[in-house]
Amino acid sequence: MDKDKYKKLLNPKQYEAVTQAPGPLLIFAGAGSGKTRALTYRIAYLIENYGVNPRNILAVTFTNKAAGEMKERLQQILETNFLSLTVSTFHSFGARILRENHELVAYRKNFSIYSEEESNVVIKNIIKEKNLDSGDINPKGVKYVIGRAKDDMLDIQAFASQAQSPRMRDIAIIYTEYQKRLRELNAFDFDDLIYWPVYIFDKHDNVREFYRSRYQHLLVDEFQDTNHSQYRLIKHLSNERKSVTVVGDDDQSIYGWRGADITNIMNFEKDFPNTRVVKLEQNYRSTQTILTAASNVIANNRGRKVKELWTSLGEGEKLRRLECSDEESEAFFITDHVTHLRKEEGLRFSDFAILYRTNAQSRALEEGFRTSGIPYVIVGGTRFYERMEIKDLLAYLRVLVNPDDNVATLRIINVPKRGIGDVTIERIAKYSQLNNINVLEGCFHAVEDKIEGVSSAKIKRFIDLIKKLEGIKRRGEPLPTLMEKIIKFSKYEEVLLQENTPESEARLDNIKELVAGTASFEHRYPGATAEQFLEEVSLLTDIDRWDPNSDAITLMTLHSAKGLEFPVVFITGLEEGLFPLIRSGQISKEELEEERRLMYVGMTRAKRYLYLTNCRFRRHYTGSFFHQQSRFLAEIPADTLTESTDPQMFIKKPKLPPREGRYGYEEERKGSFAIGADVLHQKYGAGVVLSVEGQGENEILIVSFPRHGKKRLMTKFAKLTLIKGKK
DNA sequence: GATATGAGATTTTTT
DNA sequence: ATCTCATATC
């Protein structure tokens, strides 16, 4: 492949980025500017023009999907073998370093990787045992603080010494114990997968040098999302040559809450002198109208690197705006437009994405799609590998792989029920802790009648099961076979079959899917072990499980949508308080800017049509029901917007009788009528209050009258009398 | 030891 | 509104 080929395949800026000599390179890649393309061709160029050996290249991404796409593209463009090239996510790369160097942090090779849920179990136990259960200490909050500490590479001493408040001192105690327990359990949490490799590189020059000479050329995707520890990892690996290519977009930094440090991208040039900077500003995705609208929104943020996205794709259609009365009409509006647009434009269901700020919003939308018979898939929410039956069965696998994993052992010791009660389990756990053995060994002791008050018969059944399964694993049976035997011998399937409810049916389906999952894994990696499978599923993201080819509409959070594109995008729930999300009545400038970047990310997912919806009224388990429009809507230039359709026709007819007395309907709105109240008007007669706009003097009621349809009435003039319902 | 019942929290985004 | 967890009861 010669230089001309690159010139033909890339635009001038991309070409400039791709053909830089090895050395620090920072690519500001605006949304849709061909970032993956630039990265993959850069790799190809390093190999073909600088004779770089593929095994000396490491490319890091955040999701398996991104890594997979890069590998696929490389396979297409590279003539040389690329198999020795490493394309990995940060976390799986970290896991690999730890598998290869586990003894340096006093772990064993067969360690488990704990999800948030499992980490929380450990923390919860610590809180209970140490009696730290006060008002401001809860497992999730503690886990969050510890996680951020690990992102910042704070060890337990450093953390404790800077703990000022009583709460932080308590957390320091928990942090210390948590790390100790994780080691006993032979388990890492997600943050450890970066923390410990950096620790190893800090302490062991020889190990660091080994990886440095192995990975002489680094490429990092989504650099704006890296946290401090990830940045340290990159810096550790970069040698004198500093062949580090980072690609990112400060405007798309949306993981600050997870420790992502936007200053990493801002300070890169300082940390790596002589960095070449290239900006990719030509967008190949969206219409000019969409780009103009998005640029105007993001322009409200301060301290960003200025970029000017442009496209040659033409003006396109205006953005379509719709204010809905509530979530139901929002869902209805969307389904209606999907149906219509699909017909008119010959689009597939998979061309549509519905985006929202919080997962909880998917419910109402889902309901709408179900009733209108539109196929849909939800990314995220309750994830497959987090479903109870899947977690149970994976726990069996984990016990077989890592017998020290007490969290897994305790999860399955009585699942399915084999008559081992809480008291017995508690006694075994206590005994094991006192004798410094894992719970599984504790069970062996129980069988030998060594534990007081524990009858051995039922424990023996459990132990026999584990022994049998261990035997199967040791024989080296293929992974799918092992999984099937677990399901069979544990009687997990049998119990569900007996249950025979729609619920159990669904669980059986999931179990089948799990077996199919192991089979496909085995197919991809012949001879795959349970260890490898567990690692893969532990590090899978929501988006990794998403199949973009199935013909269904995709529902997902704005966060999940990053990196994707769709011909038609709906951004829903554009309400002040929900998006931007404001939790405690207050939002800091930094938080608001991150919300705005999220809006920018959402808008720039759209190729041709961008719909923006908000609800005036939204139900929530707490209470704030009436919402103003999101401030982001006001930041979109009026001439890029159009009111798409008369919203009235999408508003559902009110249900009669009004849902009086139902939870949450009686909002304290002084002087007005409750939604659903029956009222009497002098001219129009009896009607139902649909919604309320404005407040006090300017309050307007939307009332539906059987003969006269919907009317907007100012409360202060309308002289309405209450018939039924509440004020 | 298993099940039924009620209190209580929950929902921001995720590797 | 729904799920989880603790306590009461069989």
Side-chain angles (χ1 to χ4, degrees), chain A residues 60-67 88-95 113-117 119-121 124 128 138-141 143-144 147-148 150-151 188-195 222 225-227 229-230 253-260 355-364 367 379-383 385-386 388 414 416-426 454-455 457-458 535-545 556-562 573 577-584 587 591 594-595 597-599 601-602 618-624 662-665:
Chain A
V60 201
T61 64
F62 275 88
T63 65
N64 293 290
K65 182 168 178 289
S88 169
T89 66
F90 267 106
H91 289 84
S92 45
F93 181 71
I113 296 171
Y114 275 7
S115 68
E116 217 64 8
E117 193 186 318
S119 308
N120 281 336
V121 170
K124 200 187 280 175
K128 216 191 306 178
N138 64 329
K140 271 179 125 180
K143 176 75 207 338
Y144 181 80
R148 295 298 70 73
K150 288 181 180 175
D151 288 345
F188 292 109
D189 68 17
F190 287 138
D191 308 304
D192 285 336
L193 298 181
I194 314 295
Y195 177 92
E222 306 279 16
D225 287 334
T226 51
N227 61 34
S229 58
Q230 287 160 339
S253 162
I254 55 173
Y255 285 107
W257 51 273
R258 210 172 70 189
L355 309 182
Y356 36 77
R357 180 63 179 81
T358 67
N359 277 122
Q361 286 163 254
S362 69
R363 277 248 167 116
E367 198 58 41
V379 176
T382 324
R383 282 157 256 181
Y385 287 100
E386 280 175 20
M388 188 176 64
N414 194 34
K417 295 208 167 63
R418 42 180 81 87
I420 303 169
D422 296 343
V423 181
T424 303
I425 294 171
E426 193 57 39
V454 174
S455 62
K458 286 161 179 169
E535 179 165 319
E536 160 138 323
V537 301
S538 304
L539 298 178
L540 234 36
T541 67
D542 289 334
I543 211 71
D544 296 330
R545 278 196 47 80
M556 65 180 130
T557 63
L558 288 140
H559 282 87
S560 302
K562 196 169 72 148
L578 182 62
F579 189 27
L581 187 74
I582 302 168
R583 273 187 300 172
S584 46
I587 184 165
E591 287 169 326
E594 181 149 316
E595 295 287 316
R597 290 193 290 269
L598 195 53
M599 178 69 180
V601 166
R618 189 177 287 277
R619 259 172 281 178
H620 195 243
Y621 74 92
T622 52
S624 55
R662 280 267 311 260
Y663 171 86
Y665 261 81

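Lettering of chains follows the sequences in order, A, B, ..., and the numbering in each one begins at 1. These figures come from a predicted structure and were not determined experimentally.
Between dT14(B) and Thr557(A), a contact under 4.0 Å exists linking OP1 or OP2 to a side-chain N or O. Taking side-chain N and O atoms only, Thr358(A) has no distance below 4.0 Å to OP1 or OP2 of dT13(B). Note on Asn414(A): a side-chain N or O is less than 4.0 Å away from OP1 or OP2 of dA2(B). OP1 or OP2 of dC5(C) has at least one side-chain nitrogen or oxygen of Lys124(A) nearer than 4.0 Å.
Counting to the nearest Å, the P atom of dT15(B) and the OH atom of Tyr144(A) are 15 Å from each other. Regarding Leu540(A), its CG atom lies at a distance of 13 Å from the C1' atom of dT14(B), rounded to whole Å. Between the CG atom of Asn120(A) and the P atom of dT4(C) there is a distance of 14 Å, rounded to whole Å. Whole-Å rounding puts the Leu193(A) CG to dT14(B) P distance at 18 Å. What separates CZ of Arg148(A) from C1' of dT13(B) is a distance of 12 Å, to the nearest Å. As rounded to whole Å, 8 Å separates atom C1' of dT15(B) from atom CD1 of Ile194(A). Atom CG in Asp189(A) sits roughly 13 Å away from atom C1' in dT14(B) (whole-Å rounding). Atom CE of Met599(A) is separated from atom P of dT13(B) by 19 Å (rounded to the nearest Å).
Residue Asn227(A) is out of contact with every strand shown, counting any heavy-atom pair closer than 4.0 Å. Heavy atoms of Lys562(A) sit nowhere under 4.0 angstrom from any nucleic acid atom. The residue Ser560(A) sits close only to the backbone: its heavy atoms come under 4.0 Å of sugar-phosphate atoms, none of a base. Counting any heavy atom pair closer than 4.0 Å across all strands shown, Thr424(A) reaches sugar-phosphate atoms only and no base atom. Within 4.0 Å of Glu116(A), counting heavy atoms only, lies at least one base atom of the nucleic acid. Among the heavy atoms of the strands lying under 4.0 Å from Asn359(A) are primed sugar atoms or P, OP1, OP2 only; no base atom is included. Residue Phe62(A) is in sugar-phosphate contact alone, with no base atom involved, counting any heavy-atom pair closer than 4.0 Å across all strands shown.
With respect to Ser119(A), the side-chain contact (heavy atoms from CB on, under 4.5 Å) criterion is satisfied by exactly one of Phe188(A), Phe190(A), Tyr114(A): Tyr114(A).
Each of Phe90(A) and Asp422(A) was matched to the nucleotide of DNA chain B holding its nearest heavy atom; the match closer to the 5' end belongs to Asp422(A). Heavy-atom distances to DNA chain B give each of Leu539(A) and Ile420(A) a nearest nucleotide, and the one nearer the 5′ end belongs to Ile420(A).
The Lys140(A) side chain lies nearest to dT11(B) when the options are dT11(B), dA2(B), dT14(B). Taking every side-chain heavy atom of Arg363(A) into account, dT2(C) is the closest of dT10(B), dT2(C), dG1(B). Distance from the side chain of His559(A) is smallest for dT13(B) among the nucleotides dT13(B), dT11(B), dG1(B). Of all nucleotides listed (dT15(B), dT14(B), dA2(B)), dA2(B) comes nearest to the side chain of Lys417(A). Minimum atom distance to the side chain of Lys458(A) is reached by dG1(B), of the listed dG1(B), dT13(B), dT3(B).
The two atoms that bring Glu535(A) and Ile113(A) nearest to each other are CG-CD1, 3.9 Å, heavy atoms only. Taking all atoms of both residues into account, the shortest heavy-atom contact from Tyr255(A) to Glu594(A) is N-OE2, 3.6 Å.
Checked by distance alone, Arg258(A) brings no side-chain donor or acceptor within 3.5 Å of a matching partner on the base of dT15(B).
Taking the side chain as every heavy atom from C-beta outward, Leu598(A) and Arg357(A) approach each other to under 4.5 Å.
Distance noted for atom C1' between dT4(C) and dT13(B): 22 Å (whole Å).
Asp189(A) places a side-chain N or O within donor-acceptor distance of the main-chain N or O of Asp192(A), the cut-off being under 3.5 Å.
The side chain to side chain donor-acceptor pair (under 3.5 Å) search around Ser92(A) returns Ser88(A), Thr89(A), not counting sequence neighbours. Applying the salt bridge (Lys or Arg N to Asp or Glu O under 4.0 Å) criterion to Arg148(A), with sequence neighbours excluded, gives Asp151(A).
Here Tyr255(A) does not count as stacked on dT14(B), because the ring centres are not under 5.5 angstrom apart with planes under 30°.
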